[in-house]
*Asks:* 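Here it is, the structure, as structure tokens.
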Amino acid sequence: MQNFNFCSPTYFEFGKNSEAQAGELVRKYGGKKVLLHYGGGSIKKSGLYDRVVKSLSDKDIDFVELGGAQPNPIDTLVYEGIELCRNEKVDFILAVGGGSAIDSAKAIAAGVPYDGDFWDFFSGTYIEEALPVGTVLTIAAAGSEGSCNSVITKVDGKLKRGACGEVIRPVFSILNPELTQTLPPYHTAAGSTDILVHIFERYFSNTEEVEVTDRLCEALAKTVINQTPRVIADPNNYAARANIMWAGMIAHNNLCGVGRDQDWASHAMEHELSAAYDAIHGAGLAVINPAWMKFVSKKNPHKFEQFAKQIWEVDDIDTAIARYREFLKNIGMPSSIKEFGGVEEDIPKLAKNIGLTEERDFGGYVELNIHDVEEIYKLAF
């Protein structure tokens, strides 16, 4: 195990009707003028918007609002949010929605006090100052409710990039599994896939003697594999929803990743699918991650032997990967880039956009060059 530091100070309010605590928590963490940031009209149709607004009003907290966050959140809305916050002297951002609304809120929070272009943070600059962010989560998927990360798509050039900084880790997150019960099965399944790949990006590591985090990863993965078919069959299964929601947070606040090298090649490759074809992130991962496994398991089978035995309870690596593919197909996920409208002629551009060159590799478990990435994309077709 490697040396590490770990701090995850987010306060979690978990359970039924927990959104009623939004106003109290905003006040507790110093908010006086709030940007209420959300996606489409679903939170208004469900009544969640009214409940959150009432909670803010009951605590005499003023707010302005910005809707429009979308899957694969875009930079143009972030710029709009930054300007709104500055003009209205907002001092706290409350994101109501899934990972897209939360990631957009984090980017706005980082951009408000920054003198330059917020896109600097998505080009390698570490975020050191931001407005505080709170969340009311409506989909278990991205884990952004507990992480220090944000992913935004730049409309010009269709570049999807990530940024990081402890200051954008939410100060509080409200997790009510009931709020996920109205999700369509496809979005539920895509969320579970995202959670699984967050786990596997950390699990596939060459760092030795990390049994604690290995066992955490295996337990979380098996939980998601067991519980997702239950919510697909019965969307109102609160117990299954609750297990998936909490697994989603633990999978990405880096508790499972401390003290070990991590991979993240699958996420980088999928980001190009989302940018090019507007694929839902989890659905794109359902295509890319098994293809990555098939390719790298031939080069470095060590961890895959454990993956097969501990998670899928089989002895053969290829059988384990096939079981994984079968699981994804059974919950309704796509199995080919063609299903997003992609063609094989796109492969060189997809690989190039990641930023790899003949000299620059990426990937923590197996280092991949641009030709390797092209081969993985071919497998995903």
Side-chain angles (χ1 to χ4, degrees), residues 34-44 48-49 64-85 90 93-112 114 117-123 125 127 130-165 167-170 173 180 183 186-187 190-191 193-195 197-198 248 252 267-268 270-285 340 353:
V34 172
L35 174 67
L36 181 60
H37 189 41
Y38 55 90
S42 61
I43 70 165
K44 293 187 176 181
L48 175 60
Y49 173 88
V64 294
E65 60 183 85
L66 177 64
Q70 61 188 58
N72 305 312
I74 54 177
D75 63 331
T76 51
L77 189 64
V78 174
Y79 288 119
E80 184 179 345
I82 291 170
E83 183 178 6
L84 178 61
C85 287
V90 164
I93 301 181
L94 179 63
V96 182
S100 297
I102 298 170
D103 279 8
S104 182
K106 289 176 175 180
I108 294 169
V112 172
Y114 184 59
D117 186 338
F118 92 91
W119 191 254
D120 292 345
F121 301 126
F122 294 80
S123 303
T125 300
I127 303 170
L131 298 183
V133 175
T135 84
V136 180
L137 186 66
T138 62
I139 178 170
S144 195
E145 68 277 5
S147 81
C148 61
N149 306 99
S150 171
V151 178
I152 300 293
T153 298
K154 190 176 183 65
V155 175
D156 184 13
K158 293 186 176 180
L159 299 174
K160 187 173 182 179
R161 298 290 184 265
C164 184
V167 292
I168 61 170
R169 196 186 293 270
S173 285
T180 69
L183 287 171
Y186 188 85
H187 288 78
T193 305
D194 195 7
I195 295 168
V197 182
H198 284 159
H252 200 44
H267 267 72
E270 193 291 320
H271 285 170
E272 301 311 319
L273 300 188
S274 294
Y277 311 123
D278 202 28
I280 292 176
H281 179 53
L285 288 171
F340 304 128
N353 282 352

*Asks:* Using the side-chain hydrogen bond (donor to acceptor under 3.5 Å, both in side chains) criterion, which residues pair with Ser123? Sequence neighbours excluded.
*Replies:*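 Checked Ser123 against side-chain hydrogen bond (donor to acceptor under 3.5 Å, both in side chains); matches are Trp119.
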*Asks:* At what distance, to the nearest 0.5 angstrom, does CG of Asn72 lie from OH of Tyr277?
*Replies:*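 Answer rounded to 0.5 Å: 13.5 Å.
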*Asks:* Taking only residues two or more places apart in sequence or in another chain, which ones pass side-chain hydrogen bond (donor to acceptor under 3.5 Å, both in side chains) with His252?
*Replies:*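 side-chain hydrogen bond (donor to acceptor under 3.5 Å, both in side chains) list for His252, sorted by chain: Arg202.
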*Asks:* So, Arg161 side chain and Ile152 main chain: donor-acceptor pair closer than 3.5 Å or not?
*Replies:*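 No; judged by distance alone, with no hydrogens or angles, the pair does not exist.
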*Asks:* Does a donor on one side chain and an acceptor on the other come within less than 3.5 Å for Lys160 and Thr153?
*Replies:*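 No, no side-chain donor-acceptor contact under 3.5 Å.
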*Asks:* Taking all atoms of both residues into account, what is the closest heavy-atom pair of Ala69 and Ala101, and its distance?
*Replies:*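 Heavy-atom minimum between the residues: CB-CA, 3.8 Å.
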*Asks:* Output all residues satisfying salt bridge (Lys or Arg N to Asp or Glu O under 4.0 Å) with Lys158, sequence neighbours left out; order by chain, then residue number.
*Replies:*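 Testing Lys158 for salt bridge (Lys or Arg N to Asp or Glu O under 4.0 Å), a comparison that skips the adjacent residues, returns none.
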*Asks:* Can you list the steps and then say if Val112 with Phe118 is a side-chain contact (heavy atoms from CB on, under 4.5 Å)?
*Replies:* CA-CA 8 Å; Val112 172; Phe118 92 91; over 6 Å; no
*Asks:* Is any side-chain heavy atom of Ser150 closer than 4.5 Å to a side-chain heavy atom of Phe122?
*Replies:*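 The answer is yes; the side chains approach within 4.5 Å.
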*Asks:* Is any side-chain heavy atom of Glu65 closer than 4.5 Å to one of Leu35?
*Replies:*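 No; the side chains remain at least 4.5 Å from each other.
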*Asks:* Considering only heavy atoms from C-beta outward, does the side chain of Tyr49 approach that of Leu36 to under 4.5 Å?
*Replies:*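 Yes, side chains in contact.
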*Asks:* Kindly indicate, with the supporting measurements, whether the criterion side-chain contact (heavy atoms from CB on, under 4.5 Å) is fulfilled by Asn149 and Ile168.
*Replies:* CA-CA 7 Å; Asn149 306 99; Ile168 61 170; 5.9 Å; no
*Asks:* Below 4.5 Å, heavy atoms only, C-beta onward: do Ile102 and Glu145 meet side chain to side chain?
*Replies:*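 A side-chain contact exists here, since the closest heavy-atom pair is under 4.5 Å.
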*Asks:* For Leu48 and Val96: C-alpha separation, side-chain torsions, deciding distance, then whether side-chain contact (heavy atoms from CB on, under 4.5 Å) applies.
*Replies:* CA-CA 9 Å; Leu48 175 60; Val96 182; 3.6 Å; yes
*Asks:* Taking only distance into account, with no hydrogens and no angle test, what donor-acceptor pairs under 3.5 Å do side-chain atoms of residues 74-83 form with protein atoms, sequence neighbours excluded?
*Replies:*
from  : atom 1 : to     : atom 2 : distance (Å)
Asp75 : OD1    : Val155 : N      : 3.1
Tyr79 : OH     : Asp117 : OD1    : 2.7
Tyr79 : OH     : Asp117 : OD2    : 3.1

*Asks:* Checking His267 now: which residues fulfil side-chain hydrogen bond (donor to acceptor under 3.5 Å, both in side chains) with it, not counting sequence neighbours?
*Replies:*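 With sequence neighbours excluded, His267 shows a side-chain hydrogen bond (donor to acceptor under 3.5 Å, both in side chains) to His198, Glu201, His281, given in chain and number order.
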*Asks:* Do side-chain atoms of Ser100 reach the backbone of Gln70 as a donor and acceptor pair under 3.5 angstrom?
*Replies:*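 A pair under 3.5 Å: yes.
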*Asks:* Check Val90, Leu84, Ile93 against Ile108 for a side chain to side chain contact (heavy atoms under 4.5 Å, CB included) and give me the one that passes.
*Replies:*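 Checked Val90, Leu84, Ile93 against Ile108; only one passes side chain to side chain contact (heavy atoms under 4.5 Å, CB included): Ile93.
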*Asks:* Please give me the minimum heavy-atom distance between Gly191 and Ala141, naming the atom from each residue.
*Replies:*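 Distance-wise, the nearest heavy atoms are CA-CB, 3.4 Å.
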*Asks:* To check you understand the geometry: which heavy-atom pair defines the closest contact between Ala163 and Phe121, and what is its length?
*Replies:*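 Smallest heavy-atom distance, with atoms named: CB-O, 3.1 Å.
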*Asks:* Closest heavy-atom contact between Ala105 and Ala95?
*Replies:*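 Result for this residue pair: CB-CB, 3.7 Å.
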*Asks:* NE2/His187 to OG1/Thr180 distance, rounded to the nearest 0.5 angstrom?
*Replies:*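 Reported to 0.5 Å precision, the distance equals 13.5 Å.
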*Asks:* How about Asp194 and Leu285: do any of their side-chain heavy atoms sit closer than 4.5 Å?
*Replies:*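 Yes. Closest side-chain heavy atoms under 4.5 Å.
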*Asks:* In Å and rounded to the nearest 0.5 Å, what is the CD to CG distance from Glu272 to Asn353?
*Replies:*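 That separation rounds to 5.0 Å.
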*Asks:* State which residues pass side-chain hydrogen bond (donor to acceptor under 3.5 Å, both in side chains) with Ser144; sequence neighbours excluded, sorted by chain then number.
*Replies:*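 With sequence neighbours excluded, Ser144 shows a side-chain hydrogen bond (donor to acceptor under 3.5 Å, both in side chains) to Asp103, Lys106, given in chain and number order.
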*Asks:* Ser147 and Pro170: which non-hydrogen atoms are nearest, and at how many Å?
*Replies:*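 Result for this residue pair: O-CD, 3.4 Å.
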*Asks:* Answer whether the closest heavy-atom distance between the side chains of Leu94 and Thr135 falls below 4.5 Å.
*Replies:*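 No. Closest side-chain heavy atoms not under 4.5 Å.
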